[in-house]
Amino acid sequence: MSRESPIAPVLNRWFAENARDLPWRDPDYGAWGILVSEFMLQQTPVVRVIPAITAWLDRWPTPADLARVPPAEAVRAWDRLGYPRRALWLHQAAVEIVERHGGVVPSDVDDLLALQGVGDYTARAVSAFAYGHRHPVVDTNTRRVIARAVAGQAEPAPPAKRDLADMDELLPTDDAEARVFNAAIMELGAVVCTARAPRCDDCPLRESCAWRAAGYPAYDGPRKAVQKKFEGSDRQVRGLIMRELRAAHGPVTITEITSLWADDAQRERALCGLIADGLAVGDRESGFTLPS
DNA sequence: CACCCGTGGAA
DNA sequence: TTTCCAAGGGT
């Protein structure tokens, strides 16, 4: 037997009055725009995505528009949103949408999951937000809100398959309400129930929050893996090379690349990695470019 | 499952 | 200055 979500009514009401006016929440934004927004929002903050997605959709209003240009154009337009593989994957996803779905972003979760760069989160987000289908949409925000408001813990456990079922239990049975709830719980995690300094006094769930009821106990679970330092990392070197490739009109010579980073082994590792990822193409004789 | 992958802003 | 973290996904 199932029962209605205890927190959906109050959360959905709060969302109706407090939702940020984000571009992709326009009812006419379209599935392609929403798919692009989800790619860009993978680890890139909202404030940096807003100007980028506007320019992107202005240039490539449909998957077919993106699919017919070289991947280099996508990587260049991605600019400094970070994780440039996402630009490559988004371009590839557009190609697959044209090849397999007649240029229309699919609505089925399994079809979406089959697209390059689309995982559990993005597939369900697109199906739910673009097409109104009832799926649990689980991201870092929803996991944190559920950990606190429902489980009474300061931080969620490491991501697990179980998260989908946990979210599904809270999801209203009605499709439209479920879609709003997915957005609302994510929004709450983004602006109120934040990772640092949550604004519990302003939280619509404060009366029922299990973490508050327990007296805000500190997190005592397994230590989260700490992100490795960026300064001096391979990622920094890759970033420097990518910046050069994006800015260049012609091939970038190996001499120019060598000048970017002194450590030979690390520089070589970064360049080989970019080539393996398909972000760089070429050789030492003719130089390197973005993939065409 | 642990680790890797960019970039920038805020505490 | 350093650390944290941001609508994840692939291997």
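These values consider heavy atoms only, across backbone and side chains, with no hydrogens, waters or symmetry-generated copies.
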Examine the base of [N] for any acceptor or donor lying under 3.5 Å from a partner atom in the side chain of [X], and report the outcome as yes or no.
X: Gln43(A); N: dC5(C); value: no
X: Arg48(A); N: dT7(B); value: yes
X: Arg238(A); N: dG6(B); value: no
X: Thr44(A); N: dG6(B); value: yes

Sugar-phosphate only, base, or nothing, as touched by [X] at under 4.0 Å among non-hydrogen atoms:
X: Gly119(A); answer: sugar-phosphate
X: Thr122(A); answer: sugar-phosphate
X: Arg25(A); answer: base
X: Phe39(A); answer: nothing
X: Lys228(A); answer: sugar-phosphate
X: Trp24(A); answer: base
X: Ile185(A); answer: nothing
X: Arg124(A); answer: nothing
X: Ser37(A); answer: nothing
X: Val49(A); answer: nothing
X: Gln227(A); answer: base
X: Pro159(A); answer: nothing

Pairing donors with acceptors under 3.5 angstrom, does anything connect the side chains of [X] and [Y]?
X: Asn12(A); Y: Glu177(A); value: no
X: Thr253(A); Y: Glu256(A); value: yes
X: Arg86(A); Y: Thr44(A); value: yes
X: Gln92(A); Y: Glu96(A); value: yes
X: Arg179(A); Y: Asn182(A); value: no

Could you tell me how far apart [X] ([atom1]) and [N] ([atom2]) are, to the nearest whole angstrom?
X: Asp234(A); N: dC3(B); atom1: CG; atom2: P; value: 15 Å
X: Arg199(A); N: dA11(B); atom1: CZ; atom2: P; value: 13 Å
X: Met167(A); N: dG8(C); atom1: CE; atom2: C1'; value: 16 Å
X: Asp163(A); N: dA7(C); atom1: CG; atom2: C1'; value: 15 Å
X: His91(A); N: dG9(C); atom1: NE2; atom2: C1'; value: 19 Å
X: Arg144(A); N: dG8(C); atom1: CZ; atom2: P; value: 10 Å
X: Asp139(A); N: dC5(C); atom1: CG; atom2: P; value: 15 Å
X: Lys161(A); N: dC1(B); atom1: NZ; atom2: C1'; value: 13 Å

Report the relative orientation of the aromatic rings in Trp60(A) and Trp56(A); use parallel for angles under 30°, tilted for 30 to 60°, perpendicular for over 60°.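 Aromatic pair Trp60(A)/Trp56(A) classed perpendicular.
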Same-atom distance ([atom1]) from [N] to [M], integer angstrom:
N: dT11(C); M: dC1(B); atom1: C1'; answer: 11 Å
N: dA10(B); M: dA7(C); atom1: P; answer: 14 Å
N: dG6(B); M: dC5(C); atom1: C1'; answer: 13 Å

Starting at the 5' end of DNA chain B and moving along, which residue's nearest nucleotide shows up first, Asp79(A) or Ala225(A)?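 Nearest nucleotide further toward 5': that of Ala225(A).
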In residues 191-198 of chain A, what residues come within less than 4.0 Å of DNA chain C, judged by heavy atoms?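 DNA chain C contact set from residues 191-198 of chain A: Ala195(A), Arg196(A).
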Check every atom of [options] against the side chain of [X] and return the nucleotide holding the closest atom.
X: Tyr83(A); options: dG9(C), dC5(B), dC4(B); answer: dC5(B)
X: Arg85(A); options: dG9(C), dG8(B), dA7(C); answer: dG9(C)
X: Val226(A); options: dC5(C), dC5(B), dC4(C); answer: dC4(C)
X: Leu41(A); options: dA7(C), dT7(B), dG8(C); answer: dA7(C)

If the threshold is 4.0 Å, N to carboxylate O, is there a salt bridge linking [X] and [Y]?
X: Arg148(A); Y: Glu155(A); answer: no
X: Arg206(A); Y: Asp201(A); answer: no
X: Arg143(A); Y: Asp139(A); answer: no

Mapping Glu38(A) and Lys229(A) to their closest nucleotides on DNA chain C, which lands nearer the 5' end?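 Between the two, 5'-proximity favours Lys229(A).
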Do Tyr216(A) and Trp211(A) have ring centroids that are under 6.0 Å from one another?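 They qualify: ring centres under 6.0 Å apart.
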